[in-house]
Amino acid sequence: MDETALEPSCPEAPQPPVALSIAGSDPSGGAGIQADLKTFAAFGVYGAAAITALTAQNTQGVSGVMPVNPDFVGQQIEAVASDISVQATKIGMLANVGIIQAVVGCIRGGRLGRIILDPVMIATSGDALIDPAAVAALRRDLLPLSDLVTPNLAEAARLLETAEARDLVELEQQARAILALGTQAVLIKGGHRPTDASTDAAVDLLVTRQGARVFVLPRIATANTHGTGCTLSAAIAAACASGLPLASAIAQAKSYVHCGLAAARNWRLGAGHGPLDHRAGALRVYSRLETGDKALPEA
């Protein structure tokens, strides 16, 4: 009996850039650490992770949250940063003040690359994911250390203790108010609700000290939106880790999320808000990064 097997072709790959996710765990796989690592892989980036909280959640909602001890959160981050060169870090769910302070201390160590802060406060299901006392600490201590903060409409309003923006004028006003808190750039995500009633589009607004830029793609009609915010910020971090300037990174990330929503629009994965498809658009995005597509100018 011939037991000879064909030897697989395994070419050597170049060393990838590294992105770190500091976020909570979603056992259903659509958001949090799980979504971030899938997204990093889709962009051809090596993903590392530090878990800030364990959650019991699925497409229908969050039934439990168990924050990780703040000192251990810091130990996880230090273990990565002391051994592996990190080009960009995405920060997601930070459940309480102690965890925020631990992350702040690690950022000040200066080894986490570009900081993309997604101020996760409320899940797609409407469940709260952050201690109310932590909002002030995030605003005061963490936001000024970020290169980009990516709130949605509700999170931007919460950061500023005001009502949600109703149109692009108010959206820009709120973005500039958040910018004044010390971050380098603000991307307010309006994708989950129209900010312009005359268009059926997902509109996001980037504001930096150099100016403002609107990112628009057609809105995808789907209930499967679980993890879109996590995925967008992770995709931006991955593109930044690969060397793209901020505006290009955001455009690539928005395109990636758009493809993921379109591919999974009719999924029935769970009885609630299902996930997007993190595989969709991966090859196209990766090929653009490989060829050095940086056609979009820096904002």
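One is the number of the first residue; the rest follow in order along the sequence.
In this structure the side chain of Q76 reaches within 4.5 angstrom of the side chain of I51, judged on heavy atoms. The shortest distance between side-chain heavy atoms of I107 and I91 falls below 4.5 Å. The closest side-chain heavy-atom distance from F40 to S21 is below 4.5 Å. Contact of the C106 side chain with the R108 side chain is not registered, since no non-hydrogen atoms from C-beta on lie closer than 4.5 Å. No side-chain heavy atom of L261 sits under 4.5 Å from any side-chain heavy atom of R265. Within the 4.5 Å cutoff, the side chain of V104 has heavy atoms near those of the L145 side chain. For the pair I22/T89, a side-chain contact is recorded, criterion being any heavy-atom separation below 4.5 Å from C-beta on. Between R114 and L246 the shortest side-chain heavy-atom distance falls below 4.5 Å.
T55 contributes no side-chain N or O that, together with a main-chain N or O of V65, makes up a donor-acceptor pair within less than 3.5 Å. Between the S233 side chain and the C230 main chain, a donor and an acceptor come within less than 3.5 Å of each other. No side-chain donor-acceptor contact under 3.5 Å links Q174 to the backbone of L160. A donor-acceptor pair under 3.5 Å is formed between the side chain of S82 and the backbone N or O of E78. Side chain of D118 to main chain of G92: no donor-acceptor pair is present (N/O by atom type, distance under 3.5 Å, no hydrogens or angles). Using a distance-only test at 3.5 Å, with no hydrogens or angles considered, no donor-acceptor pair links the side chain of K189 to the main chain of T228. No side-chain donor-acceptor contact under 3.5 Å links T59 to the backbone of G274. Formation of a donor-acceptor pair under 3.5 Å by the S63 side chain with backbone atoms of Q57 is not found in this model. For the pair K38 (side chain) and G29 (backbone), a donor-acceptor distance under 3.5 Å is present. The closest donor-acceptor contact from the side chain of R176 to the backbone of Q173 lies at 3.5 Å or more, if one exists at all.
Taking each heavy atom of A102 and P70 in turn, the nearest pair found is CB-O, 3.4 Å. Across all non-hydrogen atoms, the minimal contact from A53 to M93 is CB-CE, 3.8 Å. Pairing each heavy atom of L276 with each of W267, the nearest pair is O-CZ3, 4.1 Å. When all heavy atoms of C259 and A280 are compared, the closest pair comes out as O-CB, 3.5 Å. When all heavy atoms of I99 and P67 are compared, the pair lying nearest together is CD1-CB, 4.1 Å. Of all non-hydrogen atoms in A134 and A95, the two that sit nearest each other are CB-O, 4.3 Å.
Salt bridge status for E164 with R158: absent, with no side-chain N to carboxylate O gap under 4.0 Å. The residues R213 and D204 are annotated as not salt-bridged, no charged nitrogen and carboxylate oxygen being separated by less than 4.0 angstrom.
Both I100 and L54 belong to a single network of hydrophobic side chains, linked directly or stepwise wherever heavy atoms of I, L, V, M, F, W or Y lie under 4.5 Å apart. Connection of L171 to L179 is established within a shared hydrophobic cluster, with ILVMFWY side chains joined at heavy-atom distances below 4.5 Å, either directly or through further cluster members. With hydrophobic clusters built from ILVMFWY side chains whose heavy atoms lie under 4.5 angstrom apart, M66 does not share a cluster with V97. Under the 4.5 Å side-chain heavy-atom criterion for grouping Ile, Leu, Val, Met, Phe, Trp and Tyr, I84 is connected to I33 within one hydrophobic cluster.
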Fill in: Stepwise side-chain contact (heavy atoms from CB on, under 4.5 Å) test for L112 and L20
CA-CA 8 Å; L112 299 184; L20 169 65; 3.9 Å; yes

Discussion item. Please evaluate residues T150 and I116 with respect to the criterion side-chain contact (heavy atoms from CB on, under 4.5 Å), reporting the C-alpha separation (whole Å), side-chain torsions for both, the decisive distance (0.1 Å), and the verdict.
Written reply: CA-CA 8 Å; T150 63; I116 311 301; 4.3 Å; yes

Item to complete: Check the pair V186 / L206 against side-chain contact (heavy atoms from CB on, under 4.5 Å), numbers first and verdict last.
Response: CA-CA 6 Å; V186 180; L206 172 67; over 6 Å; no

Worksheet item: Going through the distances and angles, do I188 and L153 end up as a side-chain contact (heavy atoms from CB on, under 4.5 Å)?
Response: CA-CA 7 Å; I188 298 186; L153 295 174; 4.0 Å; yes

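Relative orientation of the H278 and Y256 rings is tilted, given thresholds of 30° and 60° on the angle between their planes.
For the residue pair Q34/S25, the side-chain donor-acceptor check at 3.5 Å is satisfied. In this structure, a donor-acceptor pair under 3.5 Å is present between the side chains of D26 and H226.
Rounding to the nearest 0.5 angstrom, the gap separating the SG atom in C240 from the CZ atom in F43 is 10.0 Å. Summarising the geometry, atom NZ belonging to K90 is positioned 10.0 Å from atom CG belonging to L37; distances are rounded to the nearest 0.5 Å. If you take CG on L232 and CG on L187, they are separated by 6.5 Å, rounding to the nearest 0.5 Å. N224 CG to D277 CG: the interatomic distance, rounded to the nearest 0.5 Å, is 10.5 Å.
Scored by the side-chain hydrogen bond (donor to acceptor under 3.5 Å, both in side chains) test, R140 finds no partners at all (sequence neighbours excluded).
The only option from T183, L117, I115, V149 that meets the side-chain contact (heavy atoms from CB on, under 4.5 Å) definition with L142 turns out to be L117.
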